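Written below as structure tokens is the structure these notes are about.
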Protein chains: 2
Amino acid sequence: MHNAFEEIAGGKRSLHVQVAREIARKILSGEVAQNEIIPGEMILCGQFKVSRTSLREAIKLLTSKGLLESKPKVGTRVTSRENWNFLDSQLLDWLTGIGDNNAVYRDFLSLRNALEPEAAALAAENATAEQRILLSATFQQMDYISKNFDLERWTEADMEFHRLIFLSTGNSFYLPLANVLCTMFKSFIAHSSIKGSTCIGEHRAIYSAIMAGDANKARQANVELLSKSKRRLPSTE
Amino acid sequence: MHNAFEEIAGGKRSLHVQVAREIARKILSGEVAQNEIIPGEMILCGQFKVSRTSLREAIKLLTSKGLLESKPKVGTRVTSRENWNFLDSQLLDWLTGIGDNNAVYRDFLSLRNALEPEAAALAAENATAEQRILLSATFQQMDYISKNFDLERWTEADMEFHRLIFLSTGNSFYLPLANVLCTMFKSFIAHSSIKGSTCIGEHRAIYSAIMAGDANKARQANVELLSKSKRRLPSTE
DNA sequence: GTCGCCCTATTTGTATTACTATTAAGTGAC
DNA sequence: GTCACTTAATAGTAATACAAATAGGGCGAC
């Protein structure tokens, strides 16, 4: 009962996640400085009105994301920024609305810039038959949607398309990155005013190259797609 | 007492990590299949001789790495491989000695291929004065070490050099990747027989380009370094 | 007086237990 | 036969008790 209520109210999942989110936002926003030692557990327990266990779980969660670091007798300190794992969906989620969103978006594009062309090339070489079928289906859907345009469905299909490319690389390390990019994708279409041009032509070029197994062509096509994305970047240049 | 003993014996850190490692290896090695439901908590508790809490923490840890997924009443199931977060140091650690190490190394090189040239280019554009000083110091050290060669110290410096490049990009998303690559680096120099040629010339080229702020040159130099690395890949081609 | 060792208090880390919410499945009524 | 309600099983949450580690201070010896 109260659970359902709070869920719609504040996005509550569980106590410790709630607490973790609170602390994370303080850290990410700079309200508590890097390398600063946060108050002892007992104090925080009182502050958040939660049991020590819950607070400890929250701290543990943040530690696993690289935001905090605990040592006996000295306390828990905020780590320096270079240790923060920005490739974490939850962290990314917490980030929305605090930092400079355009800067984050630029960083996001940079990452896509590095990864996607290479992923497309690898996919062209390594995609399995099954993956090619999936990719084919998804592209056809994109093609269809691009005709009678529907932003939401387009975004969905677009994301799936790029995700499939990452999965098709056959490279273990690209798999988690696919999820990361998807999360950012969602995060940015939700919070920024980038209304998508469909780029169906560029997508077709990538698609065709992958299906043909032409790695270089796939890479090149993806570079072109990204350069088009860059041109419609909101505020920079 | 018994703690210290077990620590030297099996590299034990804590109970749940030990259990998690055990389960993770079963999953990663394929001993338990993807999408398979693992036995209920009580059964596993008996099997591992640990309390329910410890086991739950282990499961939670694995869940956070994307290996498991729990649902009430149905149990805990192994997720499909595409959800496994291979960009996790601990997971990478657990991976050593089970999969095809050469395949993983190839994947690792692919990732470097995508990321490092772009990172070098970004670093050339965005490195702060302080970061340039650090980079300079590290390179000089590399230069020195390359003369009277010492594998261990050289590896250390090499890693630091590439890490600094990632940090100097000023891109939030490259920061965690720096750590990931370092972990893999360590993992591979420890478990593979790649005796390094120093590549001091290529490193100098990258270094100079970054210091000069020439992004394209930095990118190109890094591509060349990687192509050299590729040539001394153990078993492939 | 200073150096070094040990003791203690504080803070994190670990484990056991008890309780709550969720949900699939089985049972009964309409 | 279908739908709803109850029930049992399992995961999730929280509180408590216990253990280990360490920094800092105090005490003693040189």
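Convention: sequence-line order gives letters A, B, ...; per-chain numbering from 1. Keep in mind the model is a prediction, meaning the values are calculated, not measured.
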Distance in angstrom units between B/Glu69 CD and D/dT10 P, rounded: 18 Å
Polar side chain donor-acceptor pair, A/Ser146 to A/Trp154, under 3.5 angstrom: no
Euclidean distance, atom CD1 of residue A/Ile38 to atom P of C/dT12 [Å, nearest integer]: 8 Å
Of A/Gly40 and B/Val74, the one whose closest DNA chain C nucleotide lies more 5': A/Gly40
With A/Leu44, the side chain to side chain contact (heavy atoms under 4.5 Å, CB included) member among A/Thr76, A/Val19, A/Ile38, A/Val50: A/Ile38
Heavy-atom side-chain proximity of A/Leu67 to A/Val78 below 4.5 angstrom: no
Whole-Å distance separating the NZ atom of B/Lys73 from the C1' atom of C/dT20: 16 Å
Touch class at under 4.0 angstrom, heavy-atom based, for B/Ser54 against every strand present: sugar-phosphate
Spacing of A/Lys71 atom NZ relative to C/dT10 atom C1', expressed in whole Å: 15 Å
Interatomic distance, B/Ile59 CD1 vs D/dG12 C1' [rounded to whole Å]: 12 Å
Short side-chain N/O contact from B/Ser51 to OP1 or OP2 of C/dA15, under 4.0 Å: no
Nearest listed nucleotide, side chain of A/Arg56, among C/dT17, C/dG13, D/dA11: C/dG13
Side-chain N or O of B/Arg52 closer than 4.0 Å to phosphate OP1/OP2 of C/dT17: no
Sugar-phosphate only, base, or nothing, as touched by A/Glu57 at under 4.0 Å among non-hydrogen atoms: nothing
Closest nucleotide among C/dT16, C/dG13, D/dA11 to the A/Ser70 side chain: C/dG13
Distance-only donor-acceptor test (3.5 Å): side chain A/Thr76, base C/dT11: no
Separation of C/dA24 P from B/Ile37 CD1 (nearest whole Å): 11 Å
Could you tabulate the donor-acceptor pairs under 3.5 Å formed by side-chain atoms of residues 160-169 of chain B, not counting sequence neighbours?
{"unit_1": "B/Glu160", "atom_1": "OE1", "unit_2": "B/Arg163", "atom_2": "NE", "d": "3.4"}
{"unit_1": "B/His162", "atom_1": "NE2", "unit_2": "B/Asp158", "atom_2": "OD1", "d": "3.1"}
{"unit_1": "B/His162", "atom_1": "NE2", "unit_2": "B/His203", "atom_2": "NE2", "d": "3.1"}
{"unit_1": "B/Ser168", "atom_1": "OG", "unit_2": "B/Leu164", "atom_2": "O", "d": "2.6"}
{"unit_1": "B/Thr169", "atom_1": "OG1", "unit_2": "B/Phe166", "atom_2": "O", "d": "2.7"}
{"unit_1": "B/Thr169", "atom_1": "OG1", "unit_2": "B/Asn171", "atom_2": "N", "d": "3.1"}

Heavy-atom closest contact (A/Arg112 atom, A/Leu181 atom, distance): CG-CD2, 4.2 Å
Rounded distance in Å - CD1 (B/Ile43) to P (D/dA11): 10 Å
Nearest-angstrom distance from the residue atom NE2 of B/His16 to P of C/dG13: 11 Å
